[in-house]
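Working notes for the structure below.
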Amino acid sequence: MSALGTLNIGIVGACGRGKSFKSACDALDMVRVHAVCDTYVEGLDEAAARLGAAEKYADFETMLEKSELDAVIIGTPMQFHVPQAIAALQRNVHVLSEVPAGVSIDECRQLVAACQVSKAVYMMAENYTYTRPNVLVREMARRGLFGQPYYAEGEYIHELKELNEKTVWRRKWQTGIDGLTYPTHSLGPILQWMHGDRVVSVSCAGSGHHHRDPRGHEYENEDSVVALCRMRSGGLVKIRVDMLSDRPHAMTNYQLQGTDGCYESARAKGEANRVWLKSRNGGKDAWTDLKELEGEFLPEFWRTHFERASKAGHGGGDYFEVLDFVDAILGTRPAPVGIHEAMDMTLPGLISQQSILAESRWMDVPDSRTWIGERALGQLNMVWPEDRLDRPPAVRLPAGYAMRQYQPGDEAGYVDLMHKVQLGGPWDHAKIEQWQSHILPGGFFVVVHQPTGKLVATSMATHRPRPLHPGGGEVGWIAADPDHKGKGLGVAVTAAAVSRLIAAGYRRIYLLTDDFRMPAVKAYLNVGLVPLMYSDDMPGRWQTLCKELGWTGA
Ligand SMILES: NC(=O)c1ccc[n+]([C@@H]2O[C@H](COP(=O)([O-])OP(=O)(O)OC[C@H]3O[C@@H](n4cnc5c(N)ncnc54)[C@H](O)[C@@H]3O)[C@@H](O)[C@H]2O)c1
């Protein structure tokens, strides 16, 4: 924190969701948006001006390295939440992350581990827990007006087929996986109403596939996905997420049933959110409009701050969310959605994705509080063995494919390929140009499928020294079209980039990858790259990975 007591915040994903944190940051005197980051470099000037940021970055690691930040707000697509949160936490930079917390159980474990060793605060920005009706119901539940809550429903119905095509990551991470891919807006408020409870097991089913994307492909996500969640208390919660059905949005449908009352949110415009309380309503048909209870039950804190908060958008929710984050950083009170609450909201969705594949089998949801003693895991690093620098790997392609250098006119094909494999978020001309400054001459490889002229694989040989690889050359952005699987294209482009770096005289040639990218890791092993055991968790992780890959050595 600066000497003047200002918290310097960096916003990543500043050209997308990150923008919407502006008003909340403006409304809080001690918060300053100091830096913005987005891979969409053309939008950075506008984002910096809008958010009043002094610094702009196209790369998150560089922002963390160069900018003097106390905290980051992560508003990037969901597959980046964990890697970016871990990178910040490792530098003891506080994190407010968009939802969901992560996209796989493995990476969630890594995030929890990173939180355990970091001095920084982690909070998940589950903003639906801050809407006025949801806060009011939470307060009423806290005061026991519903008695013992034992059943609840949450629905997030948000048709986004068009948005899918604009924010292409959604086509993979939200509609490209079956099960609940975006459940936290529904589950978040309910878990706060059922305070102290958590989901212990999940059974998930879908309504089938009735829609196709503009390319004619069926969405992997079923139209309506429903998960039944068994609570530790024995209660039951039903979550429905539907991002494909043609119909009006309904993202905030909720119900809560307790022994002494119930709550039903409005299902259509003009309807009221309503409650029935045994202690007040008596007769079974007498509902009360939730609004009428605001005077009595809206927390004092909300009332005092509301005028200020309402300027910040989302009915004040954004303000209270950032305020809670700042209070957690200052140590005034713990983050209401800290790492374990974030896991309670995220993990049931990830387990539902396994359940739906296993014919709706009930599956246990892990409790992240038991993941103690785990360590933050770094990325896998692979290197070319120094004793083989005189023997570059062979580059072989099957008939019908040709390798050449990237050339003007390849841009559209390259962008299509990177979007198809969902690597590195949105790509455009500016981003390709930005990377070209790191690429060695003759080090930007593309493979063309000759019958169609389509660009089907690519890699880069780049100059990228890092602390672990001083003077290093990195093999980067390796992609191979899944429609051309089994042709050895990934192996060929990796071998080409390694050979180029050897020819340029690099003695440390490396690439970074992740445990879950199993087919890619197998291709790298096939090329002749070897694991770098740079930390003591590496041997165990590589052993597991090699076993799963059936890899017994080249
Ligand atoms: N809480 C909410 O109500 C709410 C609403 C919308 C979106 N979201 C969440 O916010 C996130 C972003 O959604 P969106 O609709 O803004 O998506 P988007 O694609 O419109 O915007 C994401 C932005 O991140 C940038 N980006 C992508 N990869 C990056 C990287 N590696 N480093 C830096 N910048 C990168 C993109 O260029 C883009 O500007 C998602 O996780 C989504 O789930 C939450």
Side-chain angles (χ1 to χ4, degrees), residues 10-22 24 35-48 50-51 56-64 67 72-88 95-103 123-131 134 156 158 160 162-175 177 180-189 241 243 249 251-252 313-315 317-318 320-322 325 337 342 345-346 349 415 418-419 422-431 434-435 476-477:
I11 299 190
V12 60
C15 301
R17 169 78 183 139
K19 279 190 285 214
S20 52
F21 290 93
K22 174 189 165 46
V36 287
C37 172
D38 203 292
T39 46
Y40 175 57
V41 280
E42 282 148 343
L44 273 176
D45 283 345
E46 202 233 303
R50 172 199 270 259
L51 287 151
K56 299 171 275 189
Y57 297 90
D59 177 66
F60 184 64
E61 291 273 350
T62 312
M63 176 169 84
L64 286 179
S67 190
V72 287
I73 296 180
I74 299 177
T76 45
M78 48 206 268
Q79 71 274 26
F80 298 115
H81 296 173
V82 166
Q84 292 180 337
I86 290 179
V95 170
L96 179 63
S97 165
E98 255 309 336
V99 300
V103 293
M123 176 169 154
M124 189 175 79
E126 185 25 86
N127 51 340
Y128 283 41
T129 61
Y130 289 91
T131 67
N134 287 350
Y156 182 82
H158 180 198
L160 48 65
E162 211 179 308
L163 187 61
N164 245 332
E165 301 303 313
K166 291 186 195 138
T167 50
V168 289
W169 59 270
R170 282 194 165 82
R171 180 64 189 88
K172 172 161 183 180
W173 296 103
Q174 294 197 337
T175 58
I177 299 171
L180 297 181
T181 53
Y182 199 63
T184 68
H185 293 329
S186 313
L187 197 49
V241 175
M243 293 183 274
H249 297 338
M251 283 118 90
T252 53
H314 283 112
D318 286 351
F320 287 108
E321 183 173 75
V322 178
F325 180 50
V337 186
M345 295 174 190
T346 300
V415 168
M418 297 310 266
H419 287 173
Q422 298 278 343
L423 201 61
W427 282 83
D428 58 14
H429 181 63
K431 183 163 166 179
Q434 187 201 340
W435 272 98
W477 299 122

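Just so you know, ligand 1 is whichever comes first in the structure, and atom 1 is the first atom listed for that ligand. Keep in mind it's a predicted model, so treat the numbers as computed, not measured.
Within the 4.0 Å heavy-atom cutoff, Q84 counts among the residues contacting ligand 1.
For ligand 1, the atoms lying closer than 4.0 Å to a non-hydrogen atom of C15 are 39 (O). Close contacts between ligand 1 and Y40 involve ligand atoms 37 (O) [criterion: under 4.0 Å to a heavy atom]. Of all atoms in ligand 1, numbered sequentially from 1 with element shown, those under 4.0 Å from a heavy atom of W169 are 13 (O), 17 (O), 18 (P), 19 (O), 40 (C), 42 (C), 43 (O). With ligand atoms numbered from 1 in the order given, ligand 1 contributes 1 (N), 2 (C), 3 (O) to contacts under 4.0 Å with heavy atoms of H185. Close contacts between ligand 1 and M78 involve ligand atoms 41 (O) [criterion: under 4.0 Å to a heavy atom].
Distances from atom 12 (C) of ligand 1 to the heavy atoms of A125, A58, G75 put G75 nearest. When T39, V12, T167 are checked for heavy-atom proximity to atom 30 (C) of ligand 1, T39 turns out nearest. When the options M124, H158, R170 are ranked by their closest heavy atom to atom 15 (O) of ligand 1, first place goes to R170.
T181 and M78 get closest at one heavy-atom pair: O-CE, 3.3 Å. Residues L96 and M124 share a closest heavy-atom pair of CD1-C, 4.3 Å. Scanning all heavy atoms of the two residues, the minimum distance from V82 to G102 falls at CG2-CA, 3.7 Å.
With a heavy-atom cut-off of 4.0 Å, R17 touches ligand 1 through backbone and side chain alike. Counting heavy atoms closer than 4.0 Å to ligand 1, residue H81 contributes side-chain atoms (C-beta onward) but none from N, CA, C or O.
Residue-to-ligand polar distances keep F80 apart from ligand 1: every N/O pair is separated by 3.5 Å or more. For ligand 1, the polar-atom distance check finds an N/O of N127 within less than 3.5 Å of one of the ligand's N/O atoms. Between Y128 and ligand 1, not a single N/O pair is under 3.5 Å apart.
We find the CD-CE distance between E321 and M123 to be 5.0 Å, quoted to the nearest 0.5 Å. Atom CD1 of I11 and atom CD1 of I73 lie 4.5 Å apart (nearest 0.5 Å).
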